[in-house]
Amino acid sequence: MMRFLLLFNRQGRLRLQKWFIPLSNREKNKIVSEMTLTVLARPPKACSFLQWRDLKIVYRRYASLFFCCGLEDQDNELLTLELLQRYVELLDQYFGNVCELDIIFNFDKAYFILDEFIMGGEIQETSRLCLARHMEEADAFQETVDEYEKNPTY
Amino acid sequence: MSPSVCLQEMIRVIRGARTQGEERGVIQRECAAIRAQFRQADSGGRSHNLAKLLYVHMLGYPAHFGQMECVRLIASSKYSEKRIGYLGAMMLLDEKQDASLLITNSIKNDLSHSSQHVQSLALCTLACMGSAEMCRDLAPEIERLLKASNSYIKKKAALCAVHIVRKIPELGEMFTPSAHSLLSEKNHGVLHGAVILITELCERNPDNLKQFRKSVPELVQIMKNLVTSGYSPEHNVAGISDPFLQVRILRLLRILGRNNDAASDAMNDLLAQVATNTDSSKTAGSAVLYETVLTIMDIRSESGLRVLAVNILGRFLLNNDRNIRYISMTSLQKIVQTDHTAVQRHRGTIVDCLKDQDASVKRRALELSLALVSAANIRSMMKELLLFLSTCPPELRSHAASGIFNAAERYAPSQRWHIDTILHVLVTAGGDVRDETVPNLIQLITAASELHCYTVHKLYRALISDIVQQSLVQVACWCIGEYGDLLLKGECEEITPMQVTEDDVLDALETVLQSHMSTPTSRGFALTAIMKLSTRITNNVDRIRSVVSIYGSCIDVELQQRAVEYNALFKKYDHMRYFTMSYCTVILEFGCRSRLSLVLGGRGLKAEHVSIIFDCKDNVYLYWFLLQSVQLQMKAPSGDLIPAQGCGTVTQTVLLSYTNKANLKMRVRLSYSSQGTACQDMVQIDSFPSPAWS
């Protein structure tokens, strides 16, 4: 399973963090700073995989953001590259030509999409179309309920 | 700024802050406003406030006062508030917080909510941060949802069940029947979740393994359908139909086929088919092939299939994509012990990867190369490894050096080659080798008696060219001190001769003594070597005497002590100097990691003289020294405390009066106290090297 997923930019600013194992705040901060330092120090054409403590780290850069996740021993690193690619595609489809600002100003939506895609460190839906549909339905549901709440019929 | 400013506006203001201090100020004001709003507990804008708090939390500021608000929002009836409440719970709460228990009830209610979106929120949160108690409470609910008619809920419930099984393995039995029936689902999401659940159940409990082995044919069929199915737009990735599901099924097959012939047979054809037909031009295909190879190597597959798998890895090694080369080497590392010959075929490519630019690839190539060294290829491999050592990144140096030493020790074709190799490593990476290298090399040199001349010449040349590498300097000094006469003789069969005068040698040793690059240990070696040379050279004894007396007032206590003792040898015991400083340093290891160097004398005299030098790693208090069957006269030891970490030595000279030298055996018992506890060690020397006798 995936232990964590982090998104940060070239200045080391964290844009998204998802933890699938229970850790104290101090441990989380330590991991974030170590990951940021290690990944940002790598040369541009370097291998996307590295060994860190007992975890396999897979990272990839998309525009100004680094997507970095920690895997356990049995996980398939190449497949995780595909997973990151899929998540970026989902964000792109949702926001329309996604960029870092979208994720900053709509971080809650980014989390919701992630929560539809990955659960408990494992992928829950492998179909792009289904996932996009679920997000639309959930947003529509939210709007309907909000509308309803704003204009009660009685 | 008005307290009810929306999330986007707050983010804009924070990002507009020009300094860290300004940002902190903005955030403090916002947090105060949010706290006030939380206390008011009025509806409207609550979800915005929590969202703002979560943003602030992500920037690294404390947000624990939002935990109770999360609990309240989760219990709300509005979907928008629930959504942000659950998100907050996943970000701010974890199972270690007490507040997480408070949401158990809300989750339980939401699991049976009429709207699947609300159910999904609850399931997601439980799978993300559910503690063991929460899992135990809610497991029956999850089990019920596994049988729901809605595949959206089913797939989420399956992953929730996976989380529960990870937290409390005993609850696995609850999910086993449902897991089995889920395999007949058509929906890929549900199938994926089911495969993960079955994988988890099998890994936790061997009984489940037996039961799910019966599903192997079903899994094989699902996999076949995926591989042979036509293009499906929603699942297709670069020509592979749902690689995520394929990889998970292969992983499950690996677990089911391990150590089981029947199951392995049943999946043999499928694995061959996938291995041959999968297009590996893109990452998705390579991922599936990679998992297939891992499965083939782990189950009881037939040899043809194993060869196919290793060849796939070999092909990966030649791939342009660095990532694929890296994982290929990782897999080869796993199988190098069991399928050694198959991996040996790719040795050339692996050795080429040592020259790759990427540090991760280099590291993998190094480990694999070290594992592939054998008696047959030791010479060519060592050439490559030594070349690598000279250009490798600093973090890999000590690993490479120790790997080379191990390989050299195991497969050295000759003693001379072994010594040459170690010297090469010391010249290239002497700063990164372990501490035991110096005494180990000294022992090796002592044992290779016919190579003494060659070794001392080589070491002398290394010493005069460079004195930076301390381990090399120490070995060279010792060797020159011990075999200096061979060096001065000038002739040596295995190396081009070089005329070395006594002055040259003393210059070299004095350079070490005076250089600021030399460590105290190296200086000690150099001084001892100079002293030893006093018995091997004829013309420059006065020079040695003056050097030794200069260092009698050296700041370094250890050096001063040695110099004073040697001075004493010149003045009072000149007749013994010849013998104390003569041949044969025998190095013995005690249990306490101390080293006992016996410098034996004895040319042309009736009595045998023994000087004991203790070189210890721990603090050792020397009490007394016992010899058997010999009349002995012990001089006072030069000290009774040996400092830790090899920083010092204690010298005790013992005069032996002994007539029957052929039968001289010496048992040395060392009683000492180390770090407060009393210890004893004993070593026996059964024979003394023959040059020691007159």
Side-chain angles (χ1 to χ4, degrees), chain A residues 1 13-25 29 32 42-43 45-51 56 58 74 76-83 85-86 104-108 111-112 115-116 119-131 134 137-138 141-146 149, chain B residues 7-8 11 15 51 54-55 58-60 78-80 83-84 87 90 94-96 115 117 120 123-124 127-129 131 152 155-156 159-160 162-163 166 188-189 192-193 196 233-235 237 242-245 247 251 283-284 286-287 290-291 322-327 357-361 363:
Chain A
M1 66 177 251
R13 291 227 148 195
L14 196 61
R15 296 302 178 203
L16 191 146
Q17 54 175 327
K18 189 77 185 177
W19 301 89
F20 298 107
I21 39 158
L23 287 173
S24 70
N25 264 333
N29 289 338
V32 169
R42 305 264 294 177
K45 287 272 178 8
C47 184
S48 290
F49 312 134
L50 51 105
Q51 191 72 25
K56 302 197 261 202
V58 177
Q74 292 295 311
N76 186 324
E77 297 101 306
L78 290 175
L79 195 71
T80 311
L81 283 177
E82 284 299 314
L83 183 155
Q85 176 70 21
R86 176 64 65 92
I104 295 173
F105 282 93
N106 299 290
F107 68 93
D108 51 338
Y111 274 105
F112 295 149
D115 288 337
E116 281 294 323
M119 199 161 109
E122 307 279 4
I123 296 178
Q124 50 175 302
E125 180 58 71
T126 57
S127 155
R128 288 187 194 90
L129 305 175
C130 280
L131 231 148
H134 292 316
E137 286 172 9
F141 183 68
Q142 180 169 330
E143 275 171 28
T144 342
V145 173
D146 283 348
E149 297 268 333
Chain B
L7 170 68
Q8 258 84 359
I11 297 179
R15 282 170 62 77
L54 292 179
Y55 181 79
M58 192 144 58
L59 290 178
K78 277 173 76 168
Y79 178 64
S80 59
R83 219 179 181 189
I84 204 84
L87 179 62
M90 285 192 274
D94 57 50
E95 59 180 49
K96 297 195 181 126
S115 159
H117 300 286
S120 131
L123 285 164
C124 191
C128 180
M129 44 83 68
S131 66
Y152 180 71
K155 77 179 187 217
K156 291 183 190 258
L159 287 179
C160 220
V162 170
H163 177 83
R166 283 184 184 141
H188 282 221
H192 193 265
I196 299 180
E234 61 179 312
H235 296 300
V237 180
D242 207 342
F244 303 106
L245 182 58
V247 165
R251 195 164 139 184
T283 315
S286 301
Y290 173 42
E291 199 73 28
R322 196 163 264 154
N323 296 331
I324 294 183
R325 285 208 297 277
Y326 178 90
I327 55 115
Q357 299 295 327
D358 185 273
S360 308
V361 171
R363 181 188 296 269

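Chain naming here is simple, since letters A, B, ... match the order of the sequence lines and numbering starts at 1 in each. The basis for the numbers below is simple: all heavy atoms, side chains too, and nothing from hydrogens, waters or symmetry mates. Just so it is clear, the model here is predicted, and its values are computed rather than measured.
- With a 4.5 angstrom heavy-atom cutoff, B/D242 touches chain A only via side-chain atoms.
- Between atom CG of residue A/D115 and atom SG of residue B/C128 there is a gap of 7.0 Å, rounded to the nearest 0.5 Å.
- Checked by atom type and distance alone, the side chain of B/D358 pairs as donor or acceptor with a backbone atom of A/C47 at under 3.5 Å.
- Looking at B/Y55, the atoms closer than 4.5 Å to chain A (heavy atoms on both sides) sit in the backbone and in the side chain alike.
- Heavy-atom pairs under 4.5 Å with chain A were tallied for B/R322, B/H235, B/H117; the largest tally goes to B/H117.
- Using a 4.0 Å cut-off between charged nitrogen and carboxylate oxygen, A/E116 and B/K156 count as a salt-bridge pair.
- The choice from A/T80, A/N106, A/L79 that makes the most heavy-atom pairs within less than 4.5 Å of chain B is A/L79.
- Only the side chain of B/R166 has a heavy atom closer than 4.5 Å to any heavy atom of chain A.
- For chain A, the nearby part of B/L59 is the side chain; its heavy atoms alone come within less than 4.5 Å.
- If you measure heavy-atom distances from B/R251 to chain A, the contacts under 4.5 Å come from the side chain alone.
- Of the two parts of B/V247, only the side chain, counted from C-beta on, holds a non-hydrogen atom closer than 4.5 Å to a non-hydrogen atom of chain A.
- The contact between A/R86 and chain B is made entirely by side chain atoms (from C-beta outward), counting heavy-atom distances below 4.5 Å.
- Between A/F141 and B/Y79, the two ring planes are perpendicular [angle over 60°; tilted spans 30° to 60°].
- With a 4.5 angstrom heavy-atom cutoff, A/I123 touches chain B via backbone and side-chain atoms both.
- Residue B/Q8 places its CD atom among more than 12 non-hydrogen atoms of other residues, nucleotides or ligands, all under 6.0 Å distant.
- Within the 4.5 angstrom heavy-atom criterion, no atom of A/L131 approaches chain B.
- There is no contact between B/H163 and chain A, counting heavy-atom distances below 4.5 Å.
- The candidate from B/S131, B/G193, B/S80 with the greatest count of non-hydrogen atom pairs under 4.5 Å with chain A is B/S80.
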